[in-house]
Amino acid sequence: MLKIALLGTGLLGEAIGCRLLHQGVNLHVWNRRSEKCSTLVAAGAQPIQLLAGAAKSCDAVITVLRDGPVTAEVVAGLGDLGGACCLPMGTMGISESRQLESQVQAQNGRYLEAPVLGSKPEALEGRLLVMAGGDGALFEAQLPLLRMLSQDPKLMGATGCGAASKLALNQLIASLTHGYSLALRLVQASGLDIERFMEVLRPSALYAPTVDKKLVRMLAHDYANPNFSTALLRKDLALFLREADLIGLEASGLQGLMTLLERAQGSPLDGDDYSALHELTAPQPDLNAPKATL
């Protein structure tokens, strides 16, 4: 039986934990707010009381934490990793992931970045898309664990390639949602029936399945029960822009979208599903009234 330490039991982390328990893993869990572990503990996981030394008897340590710096801080708290493999599944920068690899190795551990695309439903069903980066032999060794969470885990390349893949995909999420919101508002303002527009969009090369999922939320102005929040989308877009700047990309076209998302900071939209971006494209956005009509 695999013994896994799971650090970070937020929305995605908890779902990953539930999936691992369902697969028969001996799961040990930690969160900065210990009460966030209660669901998994009730389902059979063991709580980690102290980080120091918690990884020594584990086969792997999975982290699902907010960003690179937080992940590095929490992993440092483990001390000697005792040869365990550290698998960060959250979003972080390319350079941050490479720095974390050096840190993990200095802590007597092995490192395989494994960011995932998907949220709670995919995690619970073992349908996450895993984009690993690191040593090929280590990837092969971790496949039994990764296949509990993903039907077809991918090795993208060396360390940093997985992080790059995740950042690129999250940028596409932001850009697609923004573009669709603008299209929807223009269509509505013209008087064109939304479903008639969708009949043209769906069979076209421009269609993405997420469009229909978010259309329901946008038309109802209902962004409750998020799988991925506006705040996290903003955080990841900022990280993409930072990495783009480091390699000299001309990404100024995204800066307007970043400015738009910054308007939600501190508002009710921040904790809502990221499709709440639709409220920001209104002619006169009301950030305190997410259910406002067009």
Next on the checklist: Using a 3.5 Å distance criterion without hydrogens, assess whether the side chain of Glu113 forms a donor-acceptor pair with backbone atoms of Leu87.
Outcome noted: no

Checklist entry - Does the side chain of Leu261 reach to within under 4.5 Å of the side chain of Leu277, using non-hydrogen atoms? => result yes

Checklist entry - For the residue pair Thr230 and Ala276, what are the closest heavy atoms and their distance? => result OG1-CB, 3.8 Å

Item to check | Distance (rounded to the nearest 0.5 Å) between Asp273 CG and Arg217 CZ | outcome: 4.0 Å

Item to check | Shortest non-hydrogen contact from Ala251 toward Ala244 | outcome: CB-CB, 4.1 Å

Next on the checklist: Is the shortest side-chain heavy-atom distance between Val104 and Cys86 below 4.5 Å?
Outcome noted: yes

Item to check | Interatomic spacing from CD in Gln142 to CD in Glu140 - rounded to 0.5 Å | outcome: 11.0 Å

Item to check | CA sep, side-chain torsions, deciding dist, call: Glu195, Arg202, salt bridge (charged side-chain N to carboxylate O under 4.0 Å, His left out) | outcome: CA-CA 10 Å; Glu195 187 53 35; Arg202 288 189 186 106; 2.7 Å; yes

Checklist entry - For residues Lys214 and Thr177, is any side-chain donor paired with an opposing acceptor at under 3.5 Å? => result no

Next on the checklist: Hydrophobic cluster membership, with links at side-chain heavy-atom distances under 4.5 Å among I/L/V/M/F/W/Y: are Met198 and Leu192 in one?
Outcome noted: yes

Item to check | Any side-chain donor near an acceptor of the partner, Ser190 and Gln188, under 3.5 Å | outcome: no

Next on the checklist: Do Met258 and Leu232 land in one hydrophobic cluster if side-chain heavy atoms of ILVMFWY residues count as linked below 4.5 Å?
Outcome noted: yes

Item to check | Verdict with reasoning, Leu2 to Leu20, per side-chain contact (heavy atoms from CB on, under 4.5 Å) | outcome: CA-CA 10 Å; Leu2 287 174; Leu20 293 175; over 6 Å; no

Item to check | Heavy-atom donor-acceptor pair, Ser204 side chain to Leu201 backbone, under 3.5 Å | outcome: yes

Checklist entry - Can Leu112 and Leu146 be said to form a side-chain contact (heavy atoms from CB on, under 4.5 Å), step by step? => result CA-CA 11 Å; Leu112 184 74; Leu146 295 176; 4.3 Å; yes

Checklist entry - Is any side-chain N of the basic residue among Arg110 and Asp135 closer than 4.0 Å to the acidic one's carboxylate O? => result no

Next on the checklist: Working to the nearest 0.5 angstrom, can you tell me the gap between Asn225 CG and Lys120 NZ?
Outcome noted: 8.5 Å

Checklist entry - With side chains defined as the heavy atoms from C-beta onward, is the minimum distance between Leu239 and Glu96 less than 4.5 Å? => result yes

Checklist entry - Got a salt bridge between Arg19 and Glu122, using NZ or NE/NH1/NH2 to carboxylate O under 4.0 Å? => result no

Checklist entry - Would Leu129 and Ile16 show up in the same hydrophobic cluster when neighbours are defined by side-chain heavy atoms closer than 4.5 Å? => result no

Checklist entry - Tyr180 vs Phe197 aromatic rings, parallel, tilted or perpendicular, using cut-offs 30° and 60°? => result parallel

Checklist entry - How about Leu51 and Val74: do any of their side-chain heavy atoms sit closer than 4.5 Å? => result yes

Checklist entry - Under 3.5 Å, is there a donor-acceptor pair linking the side chains of Thr63 and Thr71? => result no

Item to check | Heavy-atom closest pair, residues Leu145 and Ala60 | outcome: CD2-CB, 3.9 Å

Item to check | Leu21 to Ala43 - nearest heavy-atom pair and separation | outcome: CD1-CB, 3.7 Å

Checklist entry - Applying the 4.5 Å side-chain criterion to the ILVMFWY set and letting contacts propagate, would Leu172 and Phe240 be lumped into a single cluster? => result yes

Checklist entry - Between Asp152 and Lys154, is there a salt bridge with N-O shorter than 4.0 Å? => result yes

Checklist entry - In terms of hydrophobic clusters joined by side-chain contacts under 4.5 Å, are Leu27 and Leu78 together? => result no

Checklist entry - Any side-chain heavy-atom pair from Asn26 and Ile4 closer than 4.5 angstrom? => result no

Item to check | Ser95 and Gln99: side chain donor to acceptor below 3.5 Å | outcome: no

Checklist entry - Hey, does the side chain of Glu243 reach the backbone of Asp245 with a donor-acceptor pair shorter than 3.5 angstrom? => result no

Checklist entry - To the nearest 0.5 Å, how far apart are CD1 in Ile62 and CG in Leu149? => result 5.5 Å

Item to check | Beyond-backbone contact of Leu237 with Leu254, side-chain heavy atoms, under 4.5 angstrom | outcome: yes

Item to check | Flag for Tyr111-Ser97: side-chain donor and acceptor within less than 3.5 Å | outcome: yes

Item to check | Shortest non-hydrogen separation from Cys18 to Leu124 and the atoms involved | outcome: CB-CD2, 3.7 Å

Next on the checklist: Could you walk me through whether Asn170 and Leu167 satisfy the side-chain contact (heavy atoms from CB on, under 4.5 Å) test, starting with their C-alpha distance in whole Å, then the side-chain angles of each, then the deciding distance to 0.1 Å, before giving a yes or no?
Outcome noted: CA-CA 5 Å; Asn170 280 17; Leu167 282 178; 5.8 Å; no

Item to check | Intermediate values then yes/no, side chain to side chain donor-acceptor pair (under 3.5 Å), Asn227 and Tyr274 | outcome: CA-CA 9 Å; Asn227 289 322; Tyr274 69 87; over 6 Å; no

Checklist entry - Without hydrogens or angle criteria, can the side chains of Glu101 and Thr159 be said to hold a donor-acceptor pair below 3.5 Å? => result yes

Checklist entry - If you measure from CG on Leu184 to CG on Leu219, what distance do you get to the nearest 0.5 Å? => result 5.5 Å

Item to check | side-chain contact (heavy atoms from CB on, under 4.5 Å) between Asp222 and Val216, worked out | outcome: CA-CA 8 Å; Asp222 183 1; Val216 175; over 6 Å; no

Checklist entry - How long is the span from the CD atom in Glu262 to the CG atom in Leu257, to the nearest 0.5 Å? => result 10.0 Å

Next on the checklist: Does any part of the side chain of Pro47, heavy atoms only, come nearer than 4.5 Å to the side chain of Val41, both counted from C-beta?
Outcome noted: yes

Checklist entry - Taking the side chain from Lys166 and the backbone from Met92, do they hold a donor-acceptor pair closer than 3.5 Å? => result no

Next on the checklist: I'd like to know if the side chain of Gln107 reaches the main chain of Gly79, judged simply by a donor and an acceptor atom lying under 3.5 Å from each other, with no hydrogens or angles considered.
Outcome noted: yes

Next on the checklist: Looking at Thr259 and Gln255, would you say the former's side chain and the latter's main chain have a donor-acceptor pair under 3.5 Å?
Outcome noted: yes

Checklist entry - Judged by atom type as modelled, is there a donor-acceptor pair below 3.5 Å linking the side chain of Thr9 to the main-chain atoms of Asn31? => result no

Item to check | Validation row: Met89, Leu65 side chains within 4.5 angstrom (heavy atoms) | outcome: no

Checklist entry - Do Ser267 side-chain atoms and Ala264 backbone N/O form a donor-acceptor pair below 3.5 Å? => result yes

Next on the checklist: Tell me the closest heavy-atom pair linking Asp270 and Gln265, and the distance in Å.
Outcome noted: OD2-CA, 3.5 Å

